Every structure is written in C-alpha cells, then in structure tokens.
2 protein chains.
Amino acid sequence: MTTIYDIAKRAGVSPTTVSKVLNGYPDVSLKTRGKVQRIMSELGYQPSAAARSLATNRSMTVGVFFQDHVNSGLRHPFLHDVLASFKDVVGGKGYDLLLFSDAERENFPSGFEARAKHRDVDGLLLVGVPRTDPGLVALARSRIPVVSIDLDLIGSRASYLMSDNLGGTRAAMSFLLNNGHRKIAFIGDRLGTKPGHDRMLGYQQSLQELDLPFRSEWMLDGDFTEVSGYEAMKKLLQVSELPTAVFCASDMMAIGAFRALQEVGKKPGQDISVMGFDDIELARYVTPSLTTVRQNKEEMGRLAAFELLELMAREDKPPTVITVDTEIVVRESVCSIS
Amino acid sequence: MTTIYDIAKRAGVSPTTVSKVLNGYPDVSLKTRGKVQRIMSELGYQPSAAARSLATNRSMTVGVFFQDHVNSGLRHPFLHDVLASFKDVVGGKGYDLLLFSDAERENFPSGFEARAKHRDVDGLLLVGVPRTDPGLVALARSRIPVVSIDLDLIGSRASYLMSDNLGGTRAAMSFLLNNGHRKIAFIGDRLGTKPGHDRMLGYQQSLQELDLPFRSEWMLDGDFTEVSGYEAMKKLLQVSELPTAVFCASDMMAIGAFRALQEVGKKPGQDISVMGFDDIELARYVTPSLTTVRQNKEEMGRLAAFELLELMAREDKPPTVITVDTEIVVRESVCSIS
DNA sequence: TGCATTAACGAAAGCGGTTTTGTAATCATC
DNA sequence: GATGATTACAAAACCGCTTTCGTTAATGCA
C-alpha cells in the first residue's frame, strides 16, 4: 500500500502537507499542491478510509438495517426501490452504504446502536424493521442520526418518514363511494405496523364521515402477504351479506383476494371490486389490473436521504416526521355500480 | 467512546491483555478473561472497526457493486434476490456488505479497484456490471478477491458465476419441440451480455441439432426490457411467415411480447406460444402465466458467497467459473400443437 | 534443590491518516 | 527599516487496536 508518507517523500514535503492537499486546506502553495497531486495520481494513491475514520471519527458511510424476507408481501419489491433512490442521493454526497447483515453471531455486537458504533457509521437508515425490536429504544436515545421508513421511531436525532397512509386510505374510500360503493370491507394488518394501523384508522374514519355501514365481519386482517389476503377473502365470502367492494391494506393481499374470488367463480372488478395499497410493480400486470393507492417510492427514498443528510450535518437539527403524498391509480379492479 | 484502555484500567490489566481476550488468544488466565469480559459488557464496550481495520488490514466487509436502474428488465427483481441470499451467507460469517454508490464524484476514487482499496474491503461482489466497464481489466489483475455474477470476469483472484444459460435455452428449445413447435423465433440481447450471448448460442445450436428451420427474420433482439420485447414482437409480426413459438431471452421481454400479440388480437399461449427466461416474480401473475426457464436465484447468491469466502480465506485458491442449473417451469404460455 | 519449561501478562512499535501548534520567510504598513 | 500580519510548510501527538517480543513467576522434572 502506498501511504501519505510515500507521497511526501517523493514530493519532498512533509506528510502534513500531503494531508492538507488531500483535504483541500488553503495553506498549500499552488505549486506544491500541483506537484503532490501529480505524484498521487502517478502512484495511484488511495487514502485509507479506515485510517481516516480513526482520525476523524467520521466514516462517510451510512448504515442500513434492511429487514427483507419477513413479510415479503409488503416489503420486498417496494422497499428495494426506496433504498435505491436513497442510495443515489447519499451516494451523490460521497457516502457509501453499509448494509448490516441480520445474521446475529455470538461474540458479535448486536443491537442497532452497538453495531452502528462498531462500524462508525455517520448515520442510519432503518427499513422494514419491526416496531417491536428491542433495540429501538436505545437507538432513539442515542446521538446517532437515524431515519426510519414506515416505522414511527422518533428520538433525539431520529426522524421518520412514511406515506400518508391515513389520507391515502380516505381518498381510496371516497373513490369507492364515488363509484357507487357503500358496502366496503377492509383487509388490514394484524402485525401492528404503523402504516397498517393508519390504514385501518383511515377506513374507520371514512366509514363514519361518509356515513357508510359498518359490519364487524367486514373487517378482516392479514400480514401483507398474498396468502393472507387469499384467506381473508375466503373468510369474507362466508358472511351472510357480501360487500360490493373490498379495500386491502396491501397490493399483495389484494392479489390474494383476487384468487379467492376467482376460485368461487366471481370476477374481481366486476362482481366485487378490489382495491389495494402500494402500487407495486405487479399491480399493472395482474388481471384485472389493480386499482390502488400509490406510494411514491422514489420520493420516499429521496426525502429520507435529505433528512438524514441534514441530521448528520447539524448536531441540533430537530427530528421530524415526514409524510409523503400518495396518489390513486385507477385501473380495472374497481367498477362503477349504480 | 470507551476504548480498550478504559477497560484495561478498570480491570487492572494492560491494553494488550484486553486485546487478547477480544481476539481469543490463549495466553490469558480464565480469571482475567472473565473479569475483562464482565467489564466490557458493563461498559457496553464496542471495539472500533476502523481501528481494527487499520491495524489488521482486514475489514470484515465485502464490497458490492450493484448496478441497478440500467436494464431494469433483467436486473431489477432478479438480482436483488441473489444479493439477499448472498448477504445471508457472508453475514453468517461476520461480514457486512458495503454497497458502493455508483454516483461518481470528482475528487473521489473511481474504478472498482481504487474504491475497493479505499474502503479496505476484503472481497468484492459484482452484480449487474456491464462487460464494457473499463475498470474491469485492472480489477482482474489485482489481488482483490472478487466474484461476479452474469459477467465473465476471470482473474488472478476473480471467479464468476452464472446460470447455465446455454443448457437452459437448449432445454427450452427441446421443450418447445416436444410440444410440436418447429418454427421458433428468438428475441435476444443486443447489449452483448454474456448470458444474452449464451442464450443466443443455445438457440442456434438447438436449431441445428434439432434440425429446425432457421430464418433470419425470426431473430430479433432487445435489451431485456418489456418495451424492447414489445417492439421486437411488433417487428416479428410483420414477416411473411409467422413462427408458432417465440423464445425470449428474458421474462420481461416475453411480457412485452404478450402485449404486442394482444394488440393485434392474438392470444399468447394459444395463437403463438411464448417462453421466457429468468422466472421473475411476475411470471406467475401475468395472463397467461409465463412458461419460462428458472434461474435459481437463492442458489446463485449462496454459491457466490461460498466462492468468495474461499477466495478470501486462501491466498492460493484458484479462480473458478461456476454454473448454476436452470429448470423449466411449465405454465400456460406454451401450448401443444399437433 | 537446581534447572528448564511453560503460563500469564505487559511495553512499545506500528497501522495511515488528521490536526494543533509552531516557525521561518515573505509581505504590507507607517 | 522596524513592526506586525500573512503565507507556506513541518513536528509531533493522537485516533483505537494488534502484535511481536520480552519478562517474570509458577511449574515440571530429575
């Protein structure tokens, strides 16, 4: 490895000076600076990030805890997209991402805070992390800048971001009503996620405000996956009076509901309307294509990145909760009824 | 930050000893070891990865260059899955992943090798990297262990891994023949990727060996995306004699082909059979569901991980090319004809 | 009892940078 | 031309951990 000392010797200056050109300090003459830079590129010099971290206590990396696998329904296709746009923004500022593995090894640091400190990350992004994780409280108290997505973690330097689940759901309910639907069932979330909770709230509020009938058999729940949507719909089909539309808290559950309907010879989008939430890639491709509430994934990633950059930049940046607008995407799975 | 010195002072031993218990050296008495460990956990001590990297020249991270966006057709849904299973395996060995951002900033190291050295990664995974990247040659020559996926990069310590594209394609062709298809068109890859090339090879070889008719108008190409498949199929529909089946080098192109067919009132899977490659999640959900050649994503990730772990462990591990078996998934988009 | 081993621990020199402080030389100012 | 301010550079301590090489004390053996 070629070090700062090698450069210094070749250039006939001190390591200090080399370091200074590396960091753009002003007190280096133009001539010296040029010479040093030339030698650096001649030797293909690369500063060691580890050494720099050690000295500065900054690593230019942001750590990411990304729980996939779990609940592959909501998570999988969706969160990767927000991560991608997040990466683009922070990457533009020179940060690389450290993707923490979720394999817990004995004798290895465990818990968000410990692992973040271990790796000296400058900030943290939490994505797909369950609300129940015991490490969250410690993290909220810590001085580590963190932004979480779809998880209502607020702390001394912890902001969070999620779609306007309440508003999106209410818009969806109005949309259904405008299409003549008054008997609307709901397939929600038994996992206790914050987005799931808000969507349920939106459903209930809408029922009240729009003066729609409430029936407890019309409230089912699942875990965001296709099969849970399938099963919920199965159960729904048993009740004495059927709704004309069902609103699902995730697209995957809506797709599962499709299947349950088709199995009993009913056509989704004609016999019973189905609406989803998320607008995953699949939504356009299923038959009938899925009318749904779109979460703006790219925007979420971008905003999360900006927020985290600010938290990292200013010690006193107050934590925020950020809400991202949703949008109704009209396709074929909701029909108008008289 | 609490350091090894703080622990040492509290325990009444030298920093050396603390370091030794940290690393499991044998020359520490049971009593001392226990005491030190207790104090560590009392103080919530976390060793600094940066300091350790600096001292040992190992970082316990593997770097990942992941080009998404580009060619979102093949890439997107597919490669994330292999990355996930890769992460699980290396994570189990204590490695975290460093996801390099592809935003090139001026004044920042560029090129695979430079960035890898900058971050002191112990190994590298290349995924979705175009064959034409100028940094590849340097990387192949370097001493950095690297495994690439779907990219035929071989070097002093560089192995690569890809599906059995040739075999998979040939199996697909036989499958089509067994279903009575002799007039088979091909939508391939104009990008020059290695998998694309092998699939085309498989097509041509099969034509010869199975004694099937070759027509140059039956060879189209695209870039793995849906729209390119759509356009290729459009073009194909113009030719004087239509094939009875078309084999596409990616599922997304097959889905694009569906659309082109439907636009002219033809039913994919009935009027013209369509077969894809990859078995992305979508394949099961489109109508008709897509008969395709499955790439075993989880297996690819796992094998890539094992290979990289070996390359990192042994200086003299010879580079290998690994081939992962494919499998035909029969669904509805191919029909039997007389 | 004397000697060679072995077990347990510590001193100190790195690893490759950054940063504070200092100093010599140049410059502007009156 | 003496004084103070600037400019350009360097010495050296430090960041937190590893590792080599000693050293001392305890142990084994004859």
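Lettering follows sequence order; numbering is per chain, from 1. Computed from a prediction, not measured in an experiment: that's the story for all the values here.
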*What is the distance, rounded to the nearest whole Å, between atom CZ of A:Arg58 and atom P of D:dC14?*
23 Å

*Whole Å only: how far is the NE2 atom of A:His118 from the C1' atom of D:dC17?*
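Rounding to the nearest Å, NE2 of A:His118 and C1' of D:dC17 are 12 Å apart.
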
*A:Asp96/B:Arg115 under salt bridge (Lys or Arg N to Asp or Glu O under 4.0 Å): CA gap, chis, key distance, verdict*: CA-CA 10 Å; A:Asp96 290 319; B:Arg115 299 186 68 185; 3.2 Å; yes

*Should B:Thr17 be listed as having a side-chain N or O under 4.0 Å from OP1 or OP2 of C:dG10?*
yes

*Is any side-chain nitrogen or oxygen of B:Ser48 closer than 4.0 Å to OP1 or OP2 of D:dC15?*
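Result: no.
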
Atom pairs, N/O to N/O, protein against nucleotides 18-22 of chain C, distance under 3.5 Å?
{"unit_1": "C:dT18", "atom_1": "OP1", "unit_2": "A:Asn23", "atom_2": "OD1", "d": "3.3"}
{"unit_1": "C:dT18", "atom_1": "OP1", "unit_2": "A:Asn23", "atom_2": "ND2", "d": "3.1"}
{"unit_1": "C:dT18", "atom_1": "OP1", "unit_2": "A:Arg52", "atom_2": "NE", "d": "3.0"}
{"unit_1": "C:dT18", "atom_1": "OP1", "unit_2": "A:Arg52", "atom_2": "NH2", "d": "3.4"}
{"unit_1": "C:dT18", "atom_1": "OP2", "unit_2": "A:Ser19", "atom_2": "OG", "d": "2.5"}
{"unit_1": "C:dT18", "atom_1": "OP2", "unit_2": "A:Asn23", "atom_2": "ND2", "d": "3.2"}
{"unit_1": "C:dT19", "atom_1": "OP2", "unit_2": "A:Tyr25", "atom_2": "OH", "d": "2.9"}

*Taking the side chain of A:Ser14 as heavy atoms from C-beta outward, which of D:dC17, D:dA10, C:dA11 is closest to it?*
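For the A:Ser14 side chain, the nearest candidate turns out to be D:dA10.
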
*Where the side chain of A:Leu54 is concerned, which of D:dA11, D:dG16, C:dG10 is the nearest nucleotide?*
D:dG16

*Are a donor atom and an acceptor atom from the side chains of A:Gln295 and A:Ser163 found within less than 3.5 Å of each other?*
yes

*Consider only side-chain N and O atoms of A:Ser29 and A:Thr32, and report whether a donor and an acceptor are under 3.5 Å apart.*
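A:Thr32 and A:Ser29 do have a side-chain donor-acceptor pair below 3.5 Å.
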
*Could you tell me how the ring of B:Phe65 sits relative to the ring of B:Phe100: parallel (under 30°), tilted (30 to 60°) or perpendicular (over 60°)?*
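The rings of B:Phe65 and B:Phe100 lie parallel, inter-plane angle below 30°.
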
*CG of B:Leu161 to OG1 of B:Thr320: how many Å apart, nearest 0.5 Å?*
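The CG atom of B:Leu161 sits 10.0 Å away from the OG1 atom of B:Thr320.
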
*asked:* What contact category does A:Thr32 fall into here, base, sugar-phosphate, or nothing, at under 4.0 angstrom with non-hydrogen atoms?
replied: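 Sugar-phosphate: the residue A:Thr32, judged by heavy atoms under 4.0 Å, touches backbone atoms but no base.
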
_Non-hydrogen atoms of A:Glu299 and A:Val324 that approach each other most closely_ = CG-CG1, 3.9 Å

